[in-house]
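Scroll down for the structure; my scribbles are underneath it.
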Amino acid sequence: MAYSSKTTMVNDNGEVIPVRKSEYKQTFRNTVKTTKYMLDYVLKEKKGRTYAAAKVILSLYKVLPMVVYTVFPGLIITELTNARRIQRLAVYLGVLIFTPIIDRIINRFTGEYLQRTFNHLSAKFLRDYDYHSAKMDYESFEYPDIQTINERAFVTASNALQVVDRLCALLSALLGLATIFSIIATLNIFIVIVTLLIIYLNSIITKRLNTKYYETEKEMSKYQRYIGSSLMFVLHDIWFAKEVRIFDLGDYFADMLYNKRLEVNNIKIKNTNSSLNAQILFSCTNFIQQLCLYIYLIYMVLFRSLSIGHMTIYMSAVNQFAEIFNGIINSYLDLAKSGLMIHEFMQFMDMPLKQYETGTKEPVLDKNSIIEFRNVSFKYPGSTAYVLKNLSITIHGSEKLCIVGHNGSGKTTFIKLLTRLYFPTDGEILLNGVNINEYDYEKYQALFSPVFQDYSLYMLTFAENIALSNDPDKERILELCKECGLQELVERLLNGLDTNVFKVIDEEGFQPSGGEGQRMAIARALYHSAPIYLLDEPTASLDPMAEYEIYTQFNNMITDKCAVLITHRLSAVQLADKVAVFDNGHVAEYGTHAELYAQNGIYTEMFDKQAQFYRDKPKSEDKVDM
């Protein structure tokens, strides 16, 4: 068993297996490691470096207002209780009054730039996340744990710049701490020691609280995924609106959503209780600190001739010291807490894209090419049952192969293996004598023009849905619409080919019927015109006559291409060169339509049953008297 990351491991069959329990802990070393990773991730961008430089400069500047607010009120009090020099009072007062105004002006001119840069970088980091997510191996989507990490990685990518903000806040706090410490040290070092002990106690409480927050948030993320990606989608999206109303599912799903939200609320209560308990502990430790400080300063005023003004400075300095040092601890703890999320982000970004990490050869397919499944067996990740077992079949470069068989016989799995959505568990698939994994993944997939039963339509224009690009060839699309029976639909649409599919974005959009959608999917495959056409139940929403018409037109348009057709309905089988009958994960029968029908086997039985269904008339006793 070879480990590919701490989130997944890859076994000897190439299966990705999620590791549920993370070994990551909030140690100083791990915090430094995760912080450095995210900082490097930000600084690799030019704008990331300028953003970090601007934040560092601002961090240095922020020490000045801190000193002003700590020292100058005490200086004013001292001047009022002693010499009362008007000129000096005016200077002190002017510095104190104008500091916040200058601070606001500086923030105004830097804030817009920082926000614009922040937005640009956030979009860029999310693009990196989206790219990696879109390239993940198809099988990864079968693991809920990996999908949860995927969604949490989105949050981390959105907040990647927080590591710069926290480090700069830490830098500013350290400089401020050194400045304030130099003031307090002139009074009594004992006060500093007491303050540090109190802060240390608070840091222990905060660290434990952060760990509890992380664990409960991780637990909540699973519920939130179920709520947001499933139940809310069912209740509020047009895809499910029809069945929800016809089957009166509103109350059913609304109650289910309500109960799940209650479960989430119970988890949130854990966080609330932990936070409230921590606040009580913080109050107790802060009470001890303030008590020691006030007793000592009052003693110094009464018995050691400490002036009221200097008492104010020291009191403010100690409070500032405690606040700053507490801020340093919290900044570190925030980094440590972020480290938990960054660790998951590292796991996500390091998750191997196995298909993309295979070969580099360029595939070529022509009429002389041969695709061969050689003793291929396959079982889905996490399953012990084989879907395909020792399957062997050959497809020639200009051949049209029809695959038939009962549900569960392995037909669709065959397509998934052919297109490299999965690796075979055993055996190999060859193109021109070369294992398909030795070919460049994207170039290999470009060999296929698929039409799946569960085809996808996108919230784009009609033309963009066919071309899947921003620059569609509209003349070619119109020609294909004629061939695929979509011409009348396009002529009806308000904006023709530029009409949006669905009304989610544009109220003038249209909702295609099942048959129209399938015709659009077929037109899309023809538009891309790859060397191999894959038709997985492509006409399931069409009636038999329309189905035969589409198949006939399709066959005439791809006379020089390879095609693999999967179907339950056998009306178009005679258009294929060869027919393969799948049964229990292997090829049970193989040959032409005439050859297989003459064998009087599985194929003959399937064909005769369907022919009888379409041919036989209802019996007289089945008729209903009116």
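We count residues from 1, following the sequence as given. Remember, it's a predicted structure, so these values are computed and weren't measured experimentally.
Annotation: side chain of Lys389 is not in contact with side chain of Asn584 (no heavy-atom distance under 4.5 Å). At a threshold of 4.5 Å between non-hydrogen side-chain atoms, the residues Leu497 and Val490 count as touching. Under the 4.5 Å side-chain criterion, counting only non-hydrogen atoms from C-beta, Ser449 is not in contact with Leu526. Side-chain contact between Asp440 and Tyr356 is absent, with no heavy atoms from C-beta onward closer than 4.5 Å. Counting only heavy atoms from C-beta outward, the side chains of Val376 and Asn390 never approach each other to under 4.5 Å. Phe373 places a side-chain heavy atom less than 4.5 Å from the side chain of Phe414. Contact of the Ile415 side chain with the Ile566 side chain is registered, since non-hydrogen atoms from C-beta on lie closer than 4.5 Å. A 4.5 Å side-chain heavy-atom check between Tyr439 and Arg420 finds at least one atom pair inside the cut-off.
In this structure, Arg524 contributes its side chain and Asn465 its backbone to a donor-acceptor pair below 3.5 Å. A distance-only check finds no donor-acceptor pair linking the side chain of Asn432 to the backbone of Ile371 [under 3.5 Å]. Judged purely by atom type and a 3.5 angstrom limit, Lys379 has no side-chain atom pairing as donor or acceptor with the backbone of Ala385. In terms of modelled atom types and a separation under 3.5 Å, the side chain of Gln487 and the main chain of Leu478 share no donor-acceptor contact. No donor-acceptor pair closer than 3.5 Å links the side chain of Thr394 to the backbone N or O of Glu372. Listed for the Ser529 side chain is no donor-acceptor partner under 3.5 Å among the backbone atoms of Ala525. Within the 3.5 Å criterion, the main-chain N or O of Thr604 finds no donor-acceptor partner in the side chain of Gln599. Side-chain N or O atoms of Arg519 include none that pairs as donor or acceptor with a backbone N or O of Leu486 at under 3.5 Å. Judged purely by atom type and a 3.5 angstrom limit, Glu595 uses its side chain to pair as donor or acceptor with the backbone of Thr592. Asp137 contributes a side-chain N or O that, together with a main-chain N or O of Lys354, makes up a donor-acceptor pair within less than 3.5 Å.
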**Asked** How far apart are the C-alpha atoms of Ser122 and Asn119, what are their side-chain angles, what is the distance that settles it, and do they pass the side-chain hydrogen bond (donor to acceptor under 3.5 Å, both in side chains) test?
**Response** CA-CA 5 Å; Ser122 293; Asn119 293 342; 5.6 Å; no
**Item:** side-chain hydrogen bond (donor to acceptor under 3.5 Å, both in side chains) assessment of Ser409 paired with Asp583
**Value:** CA-CA 5 Å; Ser409 60; Asp583 185 51; over 6 Å; no
**Item:** Steps toward side chain to side chain contact (heavy atoms under 4.5 Å, CB included) verdict (Leu388, Leu417)
**Value:** CA-CA 10 Å; Leu388 299 178; Leu417 291 173; 3.5 Å; yes
**Message:** Working note: Asn437 + Tyr444, criterion side-chain hydrogen bond (donor to acceptor under 3.5 Å, both in side chains); need CA distance, chi angles, decisive distance, verdict.
**Reply:** CA-CA 9 Å; Asn437 296 326; Tyr444 177 81; over 6 Å; no
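In summary, Glu438 and Lys443 do not engage in a salt bridge, as defined by a charged side-chain N under 4.0 Å from a carboxylate O. Under the 4.0 Å criterion applied to side-chain N and carboxylate O atoms, Lys561 and Glu399 are not assigned as salt-bridge partners.
For residues 462-487, the salt bridge (charged side-chain N to carboxylate O under 4.0 Å, His left out) pairs, not counting sequence neighbours, are Lys474-Asp498. The salt bridge (charged side-chain N to carboxylate O under 4.0 Å, His left out) analysis of residues 124-133, with sequence neighbours excluded, yields the pairs Lys44-Asp128, Glu45-Lys124, Lys124-Asp128.
Separation of atoms CG (Leu493) and CD (Glu488) is listed at 12.0 Å; rounding is to 0.5 Å. Distance CD/Glu507 to CG/Leu494: 10.5 Å, rounded to 0.5 Å. Note that CD of Gln445 and OG1 of Thr419 are 6.5 Å apart. Values are rounded to the nearest 0.5 Å. Taking OG from Ser140 and CD1 from Ile146, the interatomic distance works out to 4.5 Å, rounded to the nearest 0.5 Å. Here Asn495 contributes atom CG and Phe462 contributes atom CZ; the two are 13.0 Å apart, rounded to the nearest 0.5 Å. Rounded to the nearest 0.5 Å, atoms CG (Leu430) and CG (Asn435) are 6.0 Å apart.
Centroid-to-centroid, the aromatic rings of Tyr422 and Phe378 come within less than 6.0 Å. For Phe607 and His593, the gap between ring centers is short of 6.0 Å. A centroid separation of 6.0 Å or more is found between the aromatic rings of Phe448 and His528.
Heavy-atom contacts from other residues, nucleotides or ligands closer than 6.0 Å to CZ of Phe452 number more than 12. For Glu357, the CD atom counts as densely surrounded, since its 6.0 Å shell holds more than 12 non-hydrogen atoms of other residues, nucleotides or ligands.
When all heavy atoms of Val387 and Gly410 are compared, the closest pair comes out as CG1-CA, 3.9 Å. Contact between Ala521 and Val451 at its shortest, heavy atoms only, is O-CG2, 3.7 Å.
The ring pair (Phe, Tyr, Trp, His ring centres under 6.0 Å) search around His132 returns Phe348, not counting sequence neighbours.
Of the candidates Ile403, Asp536, Leu535, Ile403 is the only one forming a side-chain contact (heavy atoms from CB on, under 4.5 Å) with Val564.
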